[in-house]
> 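Provided herewith is a single structure, encoded as structure tokens, for subsequent inquiry.
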Amino acid sequence: MSDSGTTPEDLGALAERAAKGDTAAMDDLLRAIRPRVLRICKSVLPYSADAEDAAQEAMLNVATKIHTYSGRSSFSTWMHSVAANSARSTYRKLKRSAQAAHSPEQMEKPDPRTTSVIAGTRLDLLEALEALERDRPQMVTPLVLRDVYGLTYEEIAAEVGAPLGTIKSRIHDAREVVRPMLRPKD
């Protein structure tokens, strides 16, 4: 059930109609998913304005890329991936602009007032995901969908389009890579 009382089946039907060019269906779909998209973005980006920006980007991506929704997984799973990717993309943009504004010495001990994402409690997780994405990009989406958003292995396999065993292996391997980066530093 979405925040608006629209069932996953209703969302799927709206998505199908929107993909075929029905503008009223697209408007209804975007209205129905907005609260959930915003919640997903807020779970990654601690500062509300940043989460709002990411949610807006995600909504635009849903509207412009609805034709890429293949129906392999539920629409809400696909939308979840779009929102998560948008939030991570917004984080990377904010980090780049914060780094450009400060010298490397200042970035070692970020000033929480200078950029909201640096001030976030999820900095270690986002940094670990960024490192994982550089080295093993195929592991990021399964790990995020499982450990951050709590999707089932089956939902992730359907969304990613990979066999269930592959998804389980990628998540296991990703956890092994990320775990040391999330341990408290002495």
Side-chain angles (χ1 to χ4, degrees), residues 35-55 57-58 61-62 72-186:
R36 185 167 179 195
V37 167
L38 184 56
R39 194 170 50 252
I40 291 166
C41 292
K42 282 182 176 180
S43 74
V44 175
L45 298 164
Y47 186 61
S48 290
D50 296 340
E52 288 278 349
D53 288 346
E57 180 184 325
N61 286 336
V62 167
R72 285 185 315 207
S73 61
S74 71
F75 172 76
S76 59
T77 300
W78 180 82
M79 181 239 3
H80 211 280
S81 292
V82 171
N85 288 338
S86 178
R88 287 186 15 248
S89 173
T90 298
Y91 166 75
R92 285 191 297 274
K93 287 177 202 168
L94 290 167
K95 182 180 175 198
R96 278 192 304 273
S97 54
Q99 287 172 333
H102 300 287
S103 69
E105 302 83 42
Q106 288 174 311
M107 286 307 292
E108 288 177 25
K109 295 268 186 194
D111 180 354
R113 296 164 297 182
T114 58
T115 219
S116 63
V117 88
I118 300 281
T121 58
R122 295 169 184 88
L123 179 62
D124 289 340
L125 175 61
L126 291 167
E127 291 292 332
L129 290 174
E130 194 171 312
L132 184 64
E133 190 165 33
R134 263 191 318 271
D135 301 334
R136 301 175 185 173
Q138 73 281 5
M139 293 181 179
V140 174
T141 297
L143 180 68
V144 168
L145 292 177
R146 178 67 186 159
D147 288 354
V148 177
Y149 299 112
L151 297 182
T152 67
Y153 291 108
E154 292 78 10
E155 290 173 316
I156 297 166
E159 175 61 31
V160 174
L164 184 61
T166 300
I167 293 303
K168 288 181 178 181
S169 175
R170 285 180 184 170
I171 292 170
H172 175 268
D173 292 347
R175 286 173 178 160
E176 292 299 312
V177 171
V178 168
R179 190 173 288 124
M181 293 181 235
L182 298 178
R183 289 197 177 115
K185 310 210 180 10
D186 294 331

> So how far is it from I171 CD1 to M139 CE, rounded to the nearest 0.5 Å?
10.5 Å
> I need the minimum non-hydrogen distance between L38 and E52, along with the two atoms involved.
CD2-OE2, 3.5 Å
> For R88 and V140, run side chain to side chain contact (heavy atoms under 4.5 Å, CB included): C-alpha distance rounded to whole Å, both residues' side-chain angles, the deciding distance at 0.1 Å, then the answer.
CA-CA 11 Å; R88 287 186 15 248; V140 174; 3.1 Å; yes
> Working to the nearest 0.5 angstrom, can you tell me the gap between I156 CD1 and K168 NZ?
10.5 Å
> For C41 and A55, work out which heavy atoms get closest and say how close.
SG-N, 3.5 Å
> Decide if atom CZ of R175 counts as having more than 12 heavy atoms of other residues, nucleotides or ligands within a radius under 6.0 Å.
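Yes.
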> Decide side chain to side chain contact (heavy atoms under 4.5 Å, CB included) for R170 and V160; before the verdict, give the C-alpha distance in whole Å, the side-chain angles of both, and the deciding distance to 0.1 Å.
CA-CA 11 Å; R170 285 180 184 170; V160 174; 4.0 Å; yes
> Considering non-hydrogen atoms only, spot the tightest contact between L132 and A174 and give its length.
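Smallest interatomic distance, heavy atoms only, reads CD2-CB, 3.8 Å.
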> In Å, rounded to the nearest 0.5 Å, how long is the span from CG of N85 to CD of E57?
9.5 Å
> On a heavy-atom basis, which atom in L45 and which in A87 lie closest, and how many Å separate them?
CD1-O, 3.8 Å
> Minimum heavy-atom separation for V82 to A58, with atom names?
CG1-O, 3.7 Å
> From S169 OG over to L164 CG, what is the distance, rounded to the nearest 0.5 angstrom?
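CG of L164 is found 11.0 Å from OG of S169.
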> Heavy atoms only: give me the nearest V177-P180 pair and the separation to one decimal.
O-CD, 3.4 Å
> With rounding to the nearest 0.5 Å, note down the distance linking CD in Q138 to CD in E133.
11.0 Å
> Could you give the distance from CG (L151) to NE2 (H80), rounded to the nearest 0.5 Å?
5.5 Å
> Can you tell me if T90 uses its side chain to pair, donor with acceptor, with the backbone of S86 under 3.5 Å?
yes
> Any side-chain heavy-atom pair from L129 and L143 closer than 4.5 angstrom?
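Yes. Closest side-chain heavy atoms under 4.5 Å.
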